[in-house]
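Have a look at the structure below, then the notes.
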There are 4 protein chains.
Amino acid sequence: MTGGRRRSESSRLAILDAARDLLLERGYERLTIDAIAARAGVGKQTIYRWWGSKGAVVADAALEGGLAPPLVAPPDTGDIEADLRAWLRDWTSRLASGVGTSLILALTAATAEDHAVADVLYERFTAPHEQLLRDRLELARVAGQLGPQAPVPTIAGVLIGSLLYRVLSRQEPPTADDADLVVRVVLGGAGG
Amino acid sequence: MTGGRRRSESSRLAILDAARDLLLERGYERLTIDAIAARAGVGKQTIYRWWGSKGAVVADAALEGGLAPPLVAPPDTGDIEADLRAWLRDWTSRLASGVGTSLILALTAATAEDHAVADVLYERFTAPHEQLLRDRLELARVAGQLGPQAPVPTIAGVLIGSLLYRVLSRQEPPTADDADLVVRVVLGGAGG
Amino acid sequence: MTGGRRRSESSRLAILDAARDLLLERGYERLTIDAIAARAGVGKQTIYRWWGSKGAVVADAALEGGLAPPLVAPPDTGDIEADLRAWLRDWTSRLASGVGTSLILALTAATAEDHAVADVLYERFTAPHEQLLRDRLELARVAGQLGPQAPVPTIAGVLIGSLLYRVLSRQEPPTADDADLVVRVVLGGAGG
Amino acid sequence: MTGGRRRSESSRLAILDAARDLLLERGYERLTIDAIAARAGVGKQTIYRWWGSKGAVVADAALEGGLAPPLVAPPDTGDIEADLRAWLRDWTSRLASGVGTSLILALTAATAEDHAVADVLYERFTAPHEQLLRDRLELARVAGQLGPQAPVPTIAGVLIGSLLYRVLSRQEPPTADDADLVVRVVLGGAGG
DNA sequence: CCTTAAGCGAGACGGTACGTCTGGTCTTGAA
DNA sequence: TTCAAGACCAGACGTACCGTCTCGCTTAAGG
């Protein structure tokens, strides 16, 4: 009922670091558990004892391994257009760095291949970021900067989706100008 | 330099059919080349002779195997809002069927894993559909239904991206109401 | 540097048994590693981890799998002619059983195809049997039953070679009469 | 009932040459029909039209491709011992050259793996050589140089088997001295 | 001369087996 | 009880050959 050895924090971190590095070096489908274990100097069982599958390790590595961007809320200067622009520009610059693109591709592959991983990533990566965006939009709506009926979740989804589509379709990251245009369309509307 | 047996059209079609069926039955990550060959009654080498990877077969199966939706232009009734709504509702109903979702996930996984496949899919699937949308939008802009400076490519990207995001985030597939809201935001703007 | 699971003795024996059975059922050239693994209930890698080729497995199966005849010395009754006759008859009866012929053919194929296997078989199968024969001949020479200059290694080689030739050339196993004639020629000489 | 193109002699020879060269270069088990066809500049069907299997081509290549030693009878000087010595020395020198050893190994592998090939080789290679030897031995028996009851087939088999055993046991190829010892044992007997 | 039928080089075909790689589990001895 | 190490079963991978099957093109004989 009593003791036994405790989980090794250094092993946990070594695994996450190794997974992160290998993910960026080789991409999701060429990433192997054996390689993670070898690079981390860890037995494979130590990985499987704490994570259920390759996807779970990768998701965790992205989230805790210092890979994913920190959860930063859009600014709140009172000007929703300027704030969204700033937020979207922030993301485009991260994606332009290349690391961001690899990450999105890897996470997308993991999402598309493994339902369980998709859920984890949605809960701990996508949803929190989207929530921050929704919060800012809701603030703007209440402040009268958006129409009183403005469909906040739809707006958030449109903003994020436009980014995702650029990454997946072009393999060429979006620019700051793209960000500005998206904000203009979404807030101002395209109608004449 | 001359002779040699010709490529077997029946084998080509059998492979594409088998790939399509297995993709829908088992999903992309549980799809194997061995299974495709076995179901198609074909040697594995006949697959590898003509396609370079699993992703390439799947892409081809989607495009030529009757899996991908036909290339249908948005209607042109003169009312851009109604036409976009119809076009987006059409897509949401396809995605709601489940088949569409599996397909998008499979193609996304293939895109995220294999650069060459991404290029093929973009050229033969994404770009044509996007182009039809852009054409309709351009018509509307010229007709004065959009602002004269309306950034047509951005608008198209935003519309498609919103769909993609819904599928990948693995929430419920988008509904007709979602489609209407997206159109309202994109055309009418969220600003108040 | 320390740990690691130990080699599974039960797998080792299952592989050797399966190889032996399949060798006798199907012959050397129709024997496959896949079939050995399947029958032994073992992963293919477990075979390749410990043996380098099909020939190596077969050689080991013959030697340790209870397939090869046990290492039995020629009798020593004091009468070299009778003893050689008994020894040679023993071999011919084994070869006449059919099992022996298959085995010799399989081992010969392995020998002719794979130098490394040839070395192993020579050291662990051929040489020991030949040595026993040489020992008995040497005893006879010292006892004056052979000429004092009798070339023992040559005599041993001639006796064994005559057996081998019968197996390889006729595909019809030698008989006890053949054995007697060989002994008569080798000991008594053909000269008149 | 009418004409048709005749078999191409140049293709036949090209195939035999290619098979011979590849056999010596790579050994029997690494020899492929595809490689023979490619080197001979010939379609595979042209091989299969005239030979039934790889072994059949190899056997033919050895026999007609100028690979196997010509069928030379033992000399007949009247002295059977000297003649056998000459014959056996001739063979040992051929085997010592290395080409002979490769050939014997290849043919042995073919024999051990393919019953049909074994039959062809026995009829057209082994048996004719053995027959010449038997003829010379029979002459000697009639001439009184061997005992009147001398078992000529056994003697021939013993002589050939001793050579074969040396090659297959992969020790050094036999020497002229070995040849002399074998003749001495077989003719003079080992008994004291 | 013209048909007809076989042989030809080429190379794709359905298969089988290869030897390797990876996923996820199990075992060992040390900590 | 966890750890590093590493063997285990399972099964997909992509390649190599097998022997068969078209292709379109020579060749010859026979009409």
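Since the structure is predicted, the reported quantities are computational estimates derived from the model, not experimental observations. Just so it is clear: chains get the letters A, B, ... in the order the sequence lines come, proteins before strands, and each one is counted from 1.
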Quiz item: For A/R49 and E/dC26, what is the distance between atoms CZ and P respectively, to the nearest whole Å?
Solution: 13 Å

Quiz item: Can you check the B/Y28 OH to F/dA12 P distance for me, whole Å?
Solution: 16 Å

Quiz item: Under 3.5 Å, side chain of D/K44 to main-chain N/O of D/A37, donor-acceptor pair present?
Solution: no

Quiz item: Cation-pi between A/R6 and A/W50: NZ/CZ under 6.0 Å from ring centre and within 45° of the ring axis?
Solution: no

Quiz item: Which is true for D/I47 with a 4.0 Å heavy-atom rule: it touches a base, it touches only sugar-phosphate, or it touches nothing?
Solution: nothing

Quiz prompt | Along DNA chain E (nearest heavy atom to each residue), the more 5'-positioned of D/S8 and A/G52 | solution = D/S8

Exercise. Report the distance from atom NZ of C/K44 to atom C1' of E/dA17, rounded to the nearest whole Å.
Key: 7 Å

Quiz prompt | Atom-pair distance (CD on C/E29; P on F/dC17), nearest Å | solution = 18 Å

Quiz item: Which nucleotide sits closest to the side chain of B/I33: F/dC13, E/dC13, F/dC18?
Solution: F/dC13

Self-check item: Length of the CZ-C1' vector between A/R12 and F/dA4, whole Å
Solution: 19 Å

Practice problem: Give a yes/no answer on whether the side chain of B/R6 brings an N or O atom under 4.0 Å of OP1 or OP2 in E/dG11. | Solution: no

Exercise. For B/S11, answer base if it contacts any base atom (sugar-phosphate contacts may also be present), sugar-phosphate if it contacts only those atoms, and nothing otherwise; contact means non-hydrogen atoms under 4.0 Å.
Key: sugar-phosphate

Quiz item: Over how many whole Å does the gap from D/E9 atom CD to F/dT27 atom P extend?
Solution: 16 Å

Quiz item: Can you tell which of E/dG7, F/dC13, F/dA7 lies closest to the side chain of D/R5?
Solution: E/dG7

Practice problem: Select base, sugar-phosphate, or nothing to describe what D/K54 touches, counting heavy atoms under 4.0 Å on all strands. | Solution: sugar-phosphate

Quiz item: Counting only side-chain N and O atoms of D/R7, is one of them less than 4.0 Å from OP1 or OP2 of E/dC8?
Solution: no

Practice problem: Looking at every strand, decide which applies to C/W50 at a 4.0 Å heavy-atom threshold: base, sugar-phosphate, or nothing. | Solution: sugar-phosphate

Self-check item: 5'-most by nearest nucleotide on DNA chain F - C/G43 or A/A37
Solution: A/A37

Self-check item: Nearest-neighbour nucleotide for the B/T46 side chain, E/dG14, F/dA4, F/dC8 considered
Solution: E/dG14

Quiz item: Is the backbone of D/A110 close enough, under 3.5 Å, to the side chain of D/K54 for a donor and an acceptor to pair up by distance?
Solution: no

Self-check item: D/Y48 side chain, from C-beta outward: closest of E/dA17, F/dG19, E/dT20
Solution: F/dG19

Practice problem: Could you pick out which residue, C/A40 or B/L31, lies toward the 5' side of DNA chain F when each is mapped onto its nearest nucleotide? | Solution: C/A40

Quiz item: Should B/T108 and B/Y28 be marked as a side-chain contact (heavy atoms from CB on, under 4.5 Å) after you check the CA-CA gap, both sets of side-chain angles, and the distance that decides it?
Solution: CA-CA 10 Å; B/T108 303; B/Y28 182 75; over 6 Å; no

Quiz item: Looking at the side chain of B/D34, which of F/dC13, F/dC3, F/dA29 is the nearest nucleotide?
Solution: F/dC13

Quiz prompt | Between C1' of E/dC26 and CD of C/Q45, the distance in whole Å | solution = 17 Å

Quiz prompt | Atom pair distance, as rounded to whole Å: CD1 in A/I36 and P in E/dG24 | solution = 11 Å

Self-check item: Side chains of A/D60 and A/R124 in contact at under 4.5 Å (non-hydrogen atoms)
Solution: yes

Exercise. Go through B/L168 and A/L168 one step at a time and tell me if the side-chain contact (heavy atoms from CB on, under 4.5 Å) criterion holds.
Key: CA-CA 11 Å; B/L168 286 179; A/L168 286 179; 3.8 Å; yes

